[in-house]
Amino acid sequence: MIRAGSTTGTRGGIARCVLLANAQAARYERQNLVTNYSAIRHYSNGEKSLKERFAEVIPSMADEIKRFKKDHGNVVIGEIKLEQAYGGMRGIPGIVWEGSVLDPHEGIRFRGRTIAEIQKELPKAEDGHEPLPEALFWLLLTGEVPTETQAKALSSDLMSRSELPQHVIKLLDGLPKDLHPMAQFSMAIIALESESKFAKAYAQGVSKKDYWNYTFEDSLDLLGKLPVIASKIYRNVFKDGRISEVDPNADYGKNLGHLLGFENKEFVDLMRLYLTVHSDHEGGNVSAHTTHLVGSALSSPYLAFAAGMNGLAGPLHGRANQEVLEWLFKLREEVKGDYSRETIENYLWETLNAGRVIPGYGHAVLRKTDPRYTAQREFALKHFPDYDLFKLVSMVYEVAPGVLSKQGKTKNPWPNVDSHSGVLLQYYGLTEASFYTVLFGVSRAFGVLPQLIIDRAIGAPIERPKSFSTAKLKDLIASKRTNKL
Ligand code: CMX
């Protein structure tokens, strides 16, 4: 059995007692599936818990959306060209996503804040420089930056939910080591459906207005369990299968590092940065949209998130981080230490001429270097500017945009997030590239679950866009022509 470890840590004091008392209260509340929100406790210093604050935010948020729809529901917000229907629906404004918006030139803003602003504004761990991803979760859900106490209480709450049921442990232990880690990740999350409070409440006929409450509980339970699932997969596939106990006094990033088997302080800080920057990238990308779509059928957060993870596992999406590393290793082997522009350019052309993509370059929305790439590059420049593989990544950054522009196919020749993440993990000894997308998956939960909770709180409908056959589209265009004559 993997369970949260002992509560006797080294970071003593009253603050921790408060956090633990609140985690206990939260656990009690969860067991009883309390729906009386006034029963959701303040922290003893008078600050509000995430659930309490979100329960307060719901009426004004739902009311604002209702009025907005009533006043402007008929306003046309875009037009759709035929090529967009065949072109992956690029640019069609058909999804509402509250947590973040992506500008093609500026990059991502989380509730209006750039990555640099997030790095400045969000609470940090006592021993770290990077923001706490649990604080980002709070921000994405409520639109507000939590206080340090609130962020720490949320860490403690999440860690109190980390225990995996026996059948999930058995499932993971029984899977073949050569099954891709992302397939294992998805299976473990689906198997957690047994724990779904939303599915149980729905079967008991819960009222629509309480959907968000059970979705909130499932989402936090899932978030709390993901570091254990990810680490169990990592340790089973690549190490001895044993993982350490969760430290209930440590934050999420520290626990993730610890469970994976990495105690290095810089690596732990990297985990916090990694979890923060990979979390959310507005709602249209495959993993976010899939989670949202499947969730719209009122599937539980476990089923909806697992569906999103199956999309993240694709090589054009999250798996690109694995592809980048494998591509870099082949490049390194081929050029035998010669990192000149000319050899790298030749290798890039070889890849393109073989009809393959340059992994880690290009984006469906962005039209400049991904600021998530830049944040990771800055981390590398700060901690290991002379690392050989980082120098290679930097050299590819100098050469690849020119080559891609010359080829003239991609709309965006600049690097994306996946171009840089692997080299950071390699430096600290997490060298198994096929595991990288699992880490991306843990992070993505911080971005997509808030929207799932919001969707349930505002009563978002089941998604059902219209599709056409080519024959029907031809009819449509013919009738438009006739009408114009
Ligand atoms: N290397 C070579 N060709 C590329 C390319 C790249 N990095 N990026 C785009 N192209 C090609 C496309 O394959 C497409 O070719 P065809 O016309 O032959 O089909 C053409 O350029 C136009 O594509 P686009 O409109 O610029 O890009 P899309 O919006 O269709 O696709 C993306 C976006 C990310 C899938 C694409 O850039 C790509 O395949 N990149 C490499 C894989 C990658 O890094 N994925 C990770 C993205 C971030 C994430 O989701 O994690």
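In listed order, ligands and their atoms are each counted from 1.
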Exercise. Pick one of side chain, backbone, both or neither for how L352 approaches ligand 1, counting any non-hydrogen atom pair under 4.0 Å.
Key: side chain
Quiz item: At what distance, to the nearest 0.5 angstrom, does CG of L141 lie from CG of L449?
Solution: 10.0 Å
Exercise. Indicate the ring-plane relationship of Y234 and F262, choosing parallel, tilted or perpendicular according to the 30° and 60° boundaries.
Key: tilted
Exercise. Mind running side chain to side chain donor-acceptor pair (under 3.5 Å) on S287 and R444 for me, showing each step along the way?
Key: CA-CA 8 Å; S287 52; R444 186 86 344 163; 3.2 Å; yes
Quiz item: Nearest protein heavy atom to atom 25 (O) of ligand 1, by residue and atom, and its distance?
Solution: K411 NZ, 2.8 Å
Quiz prompt | Side chain, backbone, both or neither: the part of A320 lying under 4.0 Å from ligand 1 by heavy atom | solution = side chain
Exercise. Check each atom of ligand 1 against the heavy atoms of G360 and keep those under 4.0 Å away; list them by number with element.
Key: 43 (C), 44 (O)
Self-check item: Under-4.0 Å salt bridge between E333 and K336
Solution: no
Quiz item: Do the charged groups of D157 and R161 touch, with an N to O distance under 4.0 Å?
Solution: yes
Exercise. Evaluate the ring planes of H383 and F379, with Trp represented by its six-membered ring, and classify them as parallel (under 30°), tilted (30 to 60°) or perpendicular (over 60°).
Key: tilted
Practice problem: Could you tell me which atoms of ligand 1, counted from 1 in the order shown, lie closer than 4.0 angstrom to a heavy atom of H363? | Solution: 33 (C), 34 (C), 37 (O)
Quiz item: If you measure every N/O of P359 against every N/O of ligand 1, is any gap under 3.5 Å?
Solution: no
Quiz item: Is the closest N or O pair between D418 and ligand 1 shorter than 3.5 Å?
Solution: yes
Quiz prompt | Nearest neighbour of atom 22 (C) of ligand 1 from the list K409, H278, R444, on a heavy-atom basis | solution = K409
Quiz item: Polar-atom distance check: L404 versus ligand 1, any N or O pair below 3.5 Å?
Solution: no
Exercise. Mark whether atom 27 (O) of ligand 1 lies under 4.0 angstrom from at least one protein heavy atom.
Key: no
Quiz item: Do D455 and H292 get their side chains close enough for a donor-acceptor pair, meaning under 3.5 Å?
Solution: yes
Quiz item: Taking all non-hydrogen atoms of both residues, which atom of S100 and which atom of D280 are closest, and how far apart?
Solution: OG-OD2, 2.9 Å
Exercise. Flag the pair E432 and K239 as a salt bridge only when some basic side-chain nitrogen lies within less than 4.0 angstrom of an acidic carboxylate oxygen.
Key: yes
Quiz item: Side chain, backbone, both or neither: which part of T410 has a heavy atom under 4.0 Å from ligand 1?
Solution: both
Quiz item: With a 4.0 Å cut-off, strictly under, does atom 37 (O) of ligand 1 pick up any protein heavy atom?
Solution: yes
Quiz item: Are any of the protein's heavy atoms under 4.0 angstrom from atom 49 (C) of ligand 1, yes or no?
Solution: yes
Exercise. Would you verify that at least one protein heavy atom lies under 4.0 Å from atom 33 (C) of ligand 1, or report that none does?
Key: yes
Exercise. Using distance alone, decide if ligand 1 has a nitrogen or oxygen within less than 3.5 Å of any nitrogen or oxygen in Q407.
Key: no
Quiz prompt | From CA spacing to verdict: side chain to side chain donor-acceptor pair (under 3.5 Å), S186, N310 | solution = CA-CA 7 Å; S186 171; N310 293 339; 2.7 Å; yes
Self-check item: Ligand-residue contact atoms, ligand 1 with A364, heavy atoms, under 4.0 Å
Solution: 29 (O), 33 (C)
Quiz item: Is the shortest distance from a heavy atom of R90 to ligand 1 less than 4.0 Å?
Solution: yes
Quiz item: Counting from 1, what ligand 1 atoms have a heavy atom of F440 closer than 4.0 Å?
Solution: 51 (O)
Quiz item: How about atom 43 (C) of ligand 1: does it have a protein heavy atom within less than 4.0 Å?
Solution: yes
Practice problem: Specify the protein heavy atom at minimum distance from atom 6 (C) of ligand 1: its residue, its atom name, and the distance to 0.1 Å. | Solution: I358 N, 3.6 Å
Exercise. Look at atom 3 (N) of ligand 1 and find which of N321, V324, V357 reaches it with the closest heavy atom.
Key: V357
Practice problem: Note the single closest protein heavy atom to atom 39 (O) of ligand 1, along with its residue, its atom name and the distance in Å. | Solution: L316 CD2, 3.4 Å
Exercise. May I ask you to decide if the ring planes of Y347 and W327 are parallel, tilted or perpendicular, using 30° and 60° as cut-offs?
Key: tilted
Self-check item: Residue pair A250 / S155: nearest heavy atoms and the distance that separates them
Solution: O-CB, 4.4 Å
Quiz item: Short N/O distance, under 3.5 Å, between Y361 and ligand 1?
Solution: yes
Quiz prompt | Within-4.5 Å side-chain heavy-atom neighbours: R272 and L132 | solution = yes
Practice problem: Measure up the H420 and F390 rings against each other and bin them: parallel (under 30°), tilted (30 to 60°), perpendicular (over 60°). | Solution: tilted
